[in-house]
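Take a look at the structure set out below.
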Amino acid sequence: MRIRASVAAVTGALALSALAVPAAHADGSASAYRTQAVKIFNKAHAASAKQGVKGVRGGTPYDLDVTFSQFKVAKAIKVGTTNHVATTVTYTLTHGADVDITADDFLNGPFLYKGSFDEPDNMLFGDLPATCKVVTDTTAKCTGKVDIYPSDGELWNSDAGGWKGGGLAIAYNGQGDEENPDLSKVGVSEKGGLGSTSLQRYSRQTVNASPEPVKKGKTITVTGALTRANWEDNKYHGYTQQSVKLQFKKKGASAYTTLKTVKTDSKGNLKTTVKASADGYFRYSFAGTSTTPAIDSTADFVDVR
């Protein structure tokens, strides 16, 4: 499910012609809240750019007296090829006295977006609205999630890197048909630039030191591979031309020492040699990049005789 904005310049103004409505998840169901949030965000966002959008009953959402602050999200979010990832977001919601945030049809939640808020390249919402605890007559502390389904095609590899956070609030004001509301009676508040995070392509690192056992002074060959998630084919591929440290921890020691730095080849593979000196553990350690998280391989023990 890719919620990717299709944007175009029309007479100098933004036209969010289609924020795609979420497709069904692997279990066959789609989030009702997410579907509503995408539709309403699309209409409100387009209305703010004075562009008409078809598909929801007439009218334009009015500006809801709701603001967001103290937005907190994880510094980095690691996303693989298949597993659902949910990241928690907290924020303070401030509202006017005429806004009933306890109403059953008042919904709010966080979202993440890639690119500019006016022209987002991609957006991610939560499956469920946030839950809020009233603090004063006009403020509440809220906790919500942003849900990511890489196997549903929500992400492209180019989406790795920096994202920004935003908040959305919707007041249906007693309308029974939330799937096709009269927009003139719907209040909406949308705000971007509330926080930042990084979406990273999950990484894997392997190591194998041989032969085992080995005589002292003989050559040990240490191979391995650094791979990372490809969000477009849902497989892991080699991360090429990356510097990776070969580290060694002598048996009984508490810390690893870096022996050398090795670069991955055109397929993400690693290969180097060292002289056998003592029993101990070898591992490869990758420091990470802005698009790919740091990863250490498991340790491979070599018995030196």
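The line from CD1 of Ile220 to OG of Ser210 is 8.5 Å long, rounded to the nearest 0.5 Å. In this structure, CG in Leu107 is found 6.0 Å from CD in Gln36, a value given to the nearest 0.5 Å. Between atom CD1 of residue Ile101 and atom NE2 of residue His95 there is a gap of 4.0 Å, rounded to the nearest 0.5 Å. Thr298 OG1 to Tyr281 OH: the interatomic distance, rounded to the nearest 0.5 Å, is 12.0 Å. Rounded to the nearest 0.5 angstrom, Arg201 CZ and Thr227 OG1 are separated by 10.5 Å. Taking CG of Asn83 as the start and CD1 of Ile148 as the end, the distance is 12.0 Å to the nearest 0.5 Å.
Side-chain atoms of Trp231 come within 3.5 Å of backbone atoms of Gly80 as a donor-acceptor pair (strictly under, hydrogens ignored). A donor-acceptor pair under 3.5 Å links the side-chain atoms of Asn173 to the main chain of Lys185, judged by distance alone. Judged purely by atom type and a 3.5 angstrom limit, Asn269 has no side-chain atom pairing as donor or acceptor with the backbone of Ala225. Side-chain atoms of Asn230 never come within 3.5 Å of backbone atoms of Lys235 as a donor-acceptor pair (strictly under, hydrogens ignored). Gln247 places no side-chain N or O within 3.5 Å of a backbone atom of Ser285 that could act as its donor or acceptor partner. Ser297 places no side-chain N or O within 3.5 Å of a backbone atom of Thr206 that could act as its donor or acceptor partner. Formation of a donor-acceptor pair under 3.5 Å by the Asn234 side chain with backbone atoms of Thr81 is found in this model. For the pair Asp159 (side chain) and Asn157 (backbone), a donor-acceptor distance under 3.5 Å is absent. Side chain of Thr138 to main chain of Ala97: no donor-acceptor pair is present (N/O by atom type, distance under 3.5 Å, no hydrogens or angles). A distance-only check finds a donor-acceptor pair linking the side chain of Gln200 to the backbone of Thr289 [under 3.5 Å].
Counting all heavy atoms, side chain and backbone alike, Gly268 lies closest to Thr240 at N-CG2, 4.1 Å. Across all their heavy atoms, Phe68 and Ser189 have their closest contact at CE1-OG, 3.8 Å. Across every non-hydrogen atom of Ser196 and Val73, the tightest pair is O-CG1, 3.5 Å. Considering all non-hydrogen atoms of both residues, Ile40 and Pro181 come closest at CD1-CG, 4.3 Å. Closest approach of Ile170 to Ala37, counting heavy atoms only: CD1-CA, 4.2 Å. Residue Thr143 comes nearest to Thr88 through the heavy atom pair CG2-CG2, 3.7 Å, listed as atom of the first residue, atom of the second, then distance.
Taking the six-membered ring for Trp and the full ring otherwise, Phe41 and Phe111 have centroids separated by under 6.0 Å.
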Margin query: Under the criterion side chain to side chain donor-acceptor pair (under 3.5 Å), I'd like the reasoning laid out for Lys191 against Thr67: C-alpha separation, chi angles, the key distance, then a yes or no.
Written below: CA-CA 8 Å; Lys191 179 66 176 178; Thr67 59; over 6 Å; no
Next item on the list: Go through the steps for Thr197 and Lys75 under the test side chain to side chain contact (heavy atoms under 4.5 Å, CB included), then give the verdict.
Entry: CA-CA 5 Å; Thr197 187; Lys75 182 178 179 180; 5.8 Å; no
Note to self: Run the salt bridge (charged side-chain N to carboxylate O under 4.0 Å, His left out) test on Asp265 and Lys263 for me, step by step, so that the C-alpha distance in whole Å, both residues' side-chain angles and the decisive distance to 0.1 Å come before the verdict.
What the structure shows: CA-CA 6 Å; Asp265 65 14; Lys263 270 201 171 184; over 6 Å; no
Next item on the list: Determine, step by step, whether Val146 and Val85 satisfy the side chain to side chain contact (heavy atoms under 4.5 Å, CB included) criterion, reporting the C-alpha distance in whole Å, the side-chain angles of both residues, the deciding distance to 0.1 Å, and the verdict.
Entry: CA-CA 8 Å; Val146 173; Val85 175; over 6 Å; no
Next item on the list: Show your reasoning for whether side chain to side chain contact (heavy atoms under 4.5 Å, CB included) applies to Leu124 and Tyr149.
Entry: CA-CA 10 Å; Leu124 297 167; Tyr149 296 87; over 6 Å; no
Check: Checking side chain to side chain contact (heavy atoms under 4.5 Å, CB included) for the pair Leu93/Lys141: CA distance, chi angles, key distance, verdict?
Finding: CA-CA 6 Å; Leu93 185 150; Lys141 295 290 187 181; over 6 Å; no
Next item on the list: Please report the C-alpha distance between Gln205 and Tyr239 in whole Å, then the side-chain angles of each, then the deciding distance to 0.1 Å, and finally whether the side chain to side chain donor-acceptor pair (under 3.5 Å) criterion is met.
Entry: CA-CA 10 Å; Gln205 177 72 70; Tyr239 197 9; over 6 Å; no
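Using a 4.5 Å cut-off between side-chain heavy atoms of Ile, Leu, Val, Met, Phe, Trp and Tyr, with links allowed through other members, Ile295 and Val262 fall into the same hydrophobic cluster. Cluster annotation: Phe71 is not connected to Val135 through the hydrophobic network of ILVMFWY side chains, with a link wherever side-chain heavy atoms come within less than 4.5 Å. Hydrophobic clustering keeps Phe301 apart from Val274 (ILVMFWY residues linked when any side-chain heavy atoms are closer than 4.5 Å, directly or through intermediates).
Using a 4.5 Å heavy-atom cutoff, the side chains of Trp163 and Met123 are not in contact. Residues Val207 and Leu270 fail the side-chain proximity criterion, which asks for heavy atoms closer than 4.5 Å. Contact of the Tyr236 side chain with the Arg204 side chain is registered, since non-hydrogen atoms from C-beta on lie closer than 4.5 Å. A 4.5 Å side-chain heavy-atom check between Thr292 and Phe286 finds at least one atom pair inside the cut-off. Between Leu246 and Val244 the shortest side-chain heavy-atom distance does not fall below 4.5 Å. No side-chain heavy atom of Tyr62 sits less than 4.5 Å from a side-chain heavy atom of Val186. Counting heavy atoms from C-beta on, the side chains of Leu155 and Val79 come closer than 4.5 Å. Counting heavy atoms from C-beta on, the side chains of Arg228 and Thr291 come closer than 4.5 Å.
The 12-atom threshold is exceeded at CG of Asp233, counting heavy atoms of other residues, nucleotides or ligands nearer than 6.0 Å. Around CG of Asp303, the count of heavy atoms belonging to other residues, nucleotides or ligands within 6.0 Å exceeds 12. By the 6.0 Å contact criterion, NZ on Lys260 is enclosed, its count of non-hydrogen atoms from other residues, nucleotides or ligands being greater than 12.
No hydrogens or angles considered: a donor-acceptor pair under 3.5 Å links the side chains of Thr219 and Lys275. For the residue pair Ser184/Asp182, the side-chain donor-acceptor check at 3.5 Å is satisfied. For the 3.5 Å distance criterion, the side chains of Tyr284 and Asn208 fail to qualify, holding no donor opposite an acceptor.
Applying the salt bridge (charged side-chain N to carboxylate O under 4.0 Å, His left out) rule to Asp100 yields no partners; only residues at least two apart in sequence or on another chain are considered.
A cation-pi arrangement is not found for Arg34 relative to Phe125, the charged atom failing to lie both closer than 6.0 Å to the ring centre and inside a 45° cone about the ring normal. A cation-pi geometry, defined here as NZ or CZ lying under 6.0 Å from the six-membered ring centre and within 45° of its normal, does not hold between Lys164 and Tyr113. Relative to the ring axis of Tyr256, Arg283 places its NZ or CZ within 45° and under 6.0 Å from the centre.
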